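A short worksheet on the structure shown next.
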Amino acid sequence: MNATRLLVAVVLGFTATPIRPAASAETPPGATSCSGCHPANAGVETAVPRLAGRNAVELVAQMQAFRAGQRPATVMDQIAKGFSDTEVQAIAGWYAEQK
Amino acid sequence: MTVRTSRRAFLKSAVAAGTSLLPLPAVAEAAPPRVVVVGGGFAGATVARALKRADARIAVTLVETNRTFTACPFSNGVIAGLRDISAQQFNYEKTVADDVVIATGTANLVDAQARSLIVGDGVRLHYDRLVLAPGIDIRWDALPGYDETAAERMPHAWKAGEQTLLLRRQLEAMEDGGLVVISAPANPFRCPPGPYERASLIAHYLKTKKPRSKLIVLDAKDAFSKQRLFQNAWKELYPGLLEWVSLSNGGKVTSVDPATNTLTTDFGRHEAKVANVIPPQKAGRVAELAGVTDRSGWCPIDPVTFESKLVPNIHVLGDATIAGAMPKSAFTANAQAKVCAAALAKLLNNEAPAEPKLINTCYSLVAPDYGIHVAGVYRPVNGVLTEIEGTGGVGPVDAPRATRALEAQFADGWFKTITTEVFG
């Protein structure tokens with residue numbers, strides 16, 4: 001959600017609780033699996049980083065580095081090979097919009 | 001049956017049920033779709049909450065026998081004295097806070113024609129879609145000598161709770177120098193690496209507390225999950241203490257005798273001080289009641305919606321399913337539940353569900369500071385959940401100990417993360 005939309009939401013008194021994602025914010029395939037390890041909730045004690053609200057371009061770059069073996073990994077090198085560039089972009093864009 | 005609900009959900013369900021507790025508006029809105037979920041584990045508790053988040057109009061009821069959920073992942077640590085059972089236990093307070101109605105009781109009858117089920121002594125619940133997430137049941141008829149009474153002497157500890165604590169107490173009571181025997185079943189069964197993680201952590205307990213003891217794993221298979229990683233670690237950490245006997249070497253247990261704590265194979269008899277019998281399994285009871293199991297005892301499903309291939313409008317998740325290449329793990333159950341919730345929200349709005357992708361990541365501890373994993377990414381191919389090439393497997397077999405220590409940390413983080421998502 002960009003700053004303008006956020007402002008509009010606040011002014012209109014929307015809560016942060018999603019009622020139903022708009023059709024344009026379809027959850028891309030694979031995205032919901034990530035929160036098995038990457039915490040959806042803040043405050044979980046784990047070495048694995050949250051994805052929500054992260055910069056989409058940075059997330060895509062990390063996934064490409066994992067897939068190419070350029071970033072050391074334990075499982076993410078395997079996981080990254082399961083997604084095309086288009087899929088990774090969609091997932092990264094979706095997480096960038098989450099809180 | 002007792003029903004727990006938030007005030008908001010209660011009012012909504014009262015409206016949905018058409019009762020006259022409230023003055024209804026002159027123009028009643030269309031009845032909201034009803035989904036009943038049976039089973040409050042990693043699959044069921046996830047799908048219930050994810051449905052409310054996908055579409056708050058859907059009236060969701062979660063049927064669960066127990067008020068407290070005891071998680072199986074990490075319960076091997078409880079058996080080995082590394083953690084307390086309370087670290088495994090969760091409740092449904094946050095589920096209720098998400099406007100899911102909790103019906104505490106056991107589903108005893110499913111009428112797929114009438115789209116209803118009976119909970120406990122006779123409370124009938126109606127559904128538009130039913131989701132069964134019953135986990136596993138033990139096949140008490142599959143191993144001669146092993147019935148529910150035998151399990152009091154030779155625990156399976158394959159459903160976490162009292163059985164977990166029984167096995168722990170038996171290990172604690174055993175004198176140094178005793179023989180512990182684990183019997184592992186043929187595929188498929190809940191948590192493929194589980195018997196070997198358990199063997200590892202019991203070996204760790206024996207090595208540190210009762211070093212003259214011995215552990216034998218009698219296996220009905222010649223190969224198992226993460227095998228090379230486990231066996232390399234056993235050689236390094238537990239030489240002479242832990243022995244694995246494969247099917248070819250006579251590992252298949254053909255009968256047990258609880259009176260003497262004896263396990264019999266085609267090749268001989270093992271009289272154990274502590275015997276952990278992990279028996280053959282099948283989908284949880286309600287799956288059979290609903291008619292969604294096939295001759296294997298498990299449930300064939302559509303890989304996009306998780307709808308039963310045998311009975312329409314009933315979806316099955318988690319360990320109970322035949323899910324192609326996806327293993328019976330908590331991670332899988334949680335991932336499937338989120339995909340199923342999205343598909344149900346579409347179906348109940350007369351839209352087509354999208355083709356999913358799913359991930360599984362499964363950690364095992366070989367020692368408290370030694371973790372290993374298996375992972376994969378899956379998609380439907382010709383109606384079967386299939387592993388995408390290059391994603392599967394366990395990573396390098398020769399990873400340094402620093403990596404294993406890091407994976408033990410990731411394992412710990414995984415448990416906290418997933419249980420927070422499901423119950424927190």
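Naming convention: chains lettered A, B, ... in sequence-line order (proteins, then strands); numbering from 1 in each chain. This is a predicted model, so every value here is computed, not measured.
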Most heavy-atom pairs under 4.5 angstrom with chain B, which of [options]?
| options | result |
| --- | --- |
| A:His38, A:Glu45, A:Lys81, A:Gln78 | A:Gln78 |
| A:Ala40, A:Ser33, A:Pro29 | A:Ser33 |
| A:Gly30, A:Gly36, A:Ala31, A:Cys34 | A:Gly36 |

- Message: If you count every heavy atom of other residues, nucleotides or ligands that lies below 6.0 Å from B:Lys94 atom NZ, does the total exceed 12?
- Response: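 No, because the 6.0 Å sphere around NZ of B:Lys94 holds 12 heavy atoms or fewer from other groups.
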For B:Arg404, I'd like to know if atom CZ has over 12 heavy atoms of other residues, nucleotides or ligands within 6.0 Å.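 Yes, CZ of B:Arg404 has more than 12 neighbouring heavy atoms, counting only those of other groups under 6.0 Å.
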Which distance, rounded to the nearest 0.5 Å, do you find between the [atom1] of [X] and the [atom2] of [Y]?
| X | Y | atom1 | atom2 | result |
| --- | --- | --- | --- | --- |
| B:Tyr363 | A:Cys37 | OH | SG | 5.0 Å |
| B:Gln409 | A:Thr74 | CD | OG1 | 11.0 Å |
| A:Met76 | B:Phe410 | CE | CZ | 10.5 Å |

Between [options], the one whose heavy-atom pairs under 4.5 Å with chain A are most numerous:
| options | result |
| --- | --- |
| B:Gly393, B:Ala354, B:Ala330, B:Gly395 | B:Gly393 |
| B:Glu355, B:Glu389, B:Glu407 | B:Glu407 |
| B:Ala342, B:Gly390, B:Ala335, B:Gly376 | B:Gly390 |

Please determine whether salt bridge (charged side-chain N to carboxylate O under 4.0 Å, His left out) holds for the pair B:Lys346 and A:Glu26, giving the CA-CA distance in whole Å, both sets of side-chain angles, and the decisive distance to 0.1 Å.
CA-CA 11 Å; B:Lys346 290 279 191 189; A:Glu26 289 279 330; 2.7 Å; yes
So for [X], is it side chain, backbone, both, or neither that comes closer than 4.5 Å to the heavy atoms of chain A?
| X | result |
| --- | --- |
| B:Ile388 | side chain |
| B:Val394 | backbone |
| B:Ala375 | both |

Any [X] side-chain heavy atom under 4.5 Å of [Y] side chain:
| X | Y | result |
| --- | --- | --- |
| A:Val44 | B:Lys416 | yes |
| B:Trp414 | A:Thr46 | no |
| A:Ile79 | B:Thr391 | no |

Q.
Under a 3.5 Å cutoff, is there a donor and acceptor pairing between the side chains of B:Glu421 and A:Ser35?
A.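 Present: a donor and an acceptor within the cut-off.
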task: Could you tell me whether the side chain of B:Lys338 and the main chain of A:Thr32 form a donor-acceptor pair under 3.5 Å?
output: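 Side chain of B:Lys338 to backbone of A:Thr32: a pair is present.
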Open item on the list: I'd like to know if the side chain of B:Lys357 and the backbone of A:Gly82 have a donor-acceptor N/O pair within less than 3.5 Å.
Closed with: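 Confirmed, B:Lys357 side chain pairs with A:Gly82 backbone.
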Practice task
Determine the sole option in B:Val374, B:Thr361, B:Ile359 for which the side chain to side chain contact (heavy atoms under 4.5 Å, CB included) test with A:Val75 is passed.
Solution key: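 With A:Val75 as partner, side chain to side chain contact (heavy atoms under 4.5 Å, CB included) holds for just one option, B:Thr361.
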